[in-house]
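Side chains included, hydrogens not; waters and symmetry mates left out as well; all remaining heavy atoms used. Here the structure is a predicted model, which is why all the values come from computation and not from measurement.
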Amino acid sequence: MLRVLKWLFLALLGLVLLAVASANREPVLLKLVPDEVDSFFGFGLSLRMPLFLVVFAGIVAGLAIGFVWEWLREAKHRSAASQHRREAGRLAREVDRLKADKAEPEDDVLALVEGKGAR
């Protein structure tokens, strides 16, 4: 059921994006810097492209910036989780070593018979 809903949502999203793209095919001029700065410095990059590409590129750029921002923000949590995993592994190895060193019978009756007594 969820798979059908997912595909239905993706199909609907695709239709909406296709409608937006077909309605905004007019080319627009994108400039890197304003005309005043361009004349002062003597350089200016401009690009003519369809409006829907500008909108979609803005959405993709926003998503990419958001993902990178979150990845950087969560770095301390990933570091702490890694440190906790290492500590848990070290403690598990220590428990295994202590269990191997103990070598006492786990049954109290056997301990009494062998003379090690549960005092």
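Pairs engaging residues 15-32 under the side chain to side chain donor-acceptor pair (under 3.5 Å) rule: K31-D35 [sequence neighbours left out]. Sorted by first and then second residue, the pairs that involve residues 66-79 and meet salt bridge (charged side-chain N to carboxylate O under 4.0 Å, His left out), not counting sequence neighbours, are E70-R73.
The cluster map of Ile, Leu, Val, Met, Phe, Trp and Tyr, joined by side-chain heavy atoms under 4.5 Å apart, puts L15 and W7 in different clusters. Residues L32 and L51 fall into different hydrophobic clusters, defined by Ile, Leu, Val, Met, Phe, Trp and Tyr side chains chained together at heavy-atom separations under 4.5 Å. Linking Ile, Leu, Val, Met, Phe, Trp and Tyr whenever their side-chain heavy atoms come within less than 4.5 Å puts V55 and L63 in one cluster.
Other members of the cluster containing W71 are V68, L72, with ILVMFWY side chains joined at under 4.5 Å, either directly or via other members. Connectivity analysis of hydrophobic side chains (ILVMFWY, heavy atoms under 4.5 Å, direct or indirect) links L12 to nothing; its cluster partners are none.
Every residue two or more places apart in sequence or in another chain that forms a salt bridge (Lys or Arg N to Asp or Glu O under 4.0 Å) with R97 is listed here: D101. Every residue two or more places apart in sequence or in another chain that forms a side-chain contact (heavy atoms from CB on, under 4.5 Å) with L17 is listed here: L13, F56. For E87, the salt bridge (Lys or Arg N to Asp or Glu O under 4.0 Å) partners two or more places apart in sequence, or in a different chain, are R90. For L2, the side-chain contact (heavy atoms from CB on, under 4.5 Å) test picks out L5, with sequence neighbours left out. Not counting sequence neighbours, L8 has no partner by the side-chain contact (heavy atoms from CB on, under 4.5 Å) test. Partners of S82 by side-chain contact (heavy atoms from CB on, under 4.5 Å), not counting sequence neighbours, listed by chain and number: R85, R86.
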Please tabulate, for side-chain N and O atoms in residues 43-50, each donor-acceptor pair with protein atoms closer than 3.5 Å (sequence neighbours left out).
none

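Residues V28 and V54 share a closest heavy-atom pair of CG2-CG2, 3.9 Å.
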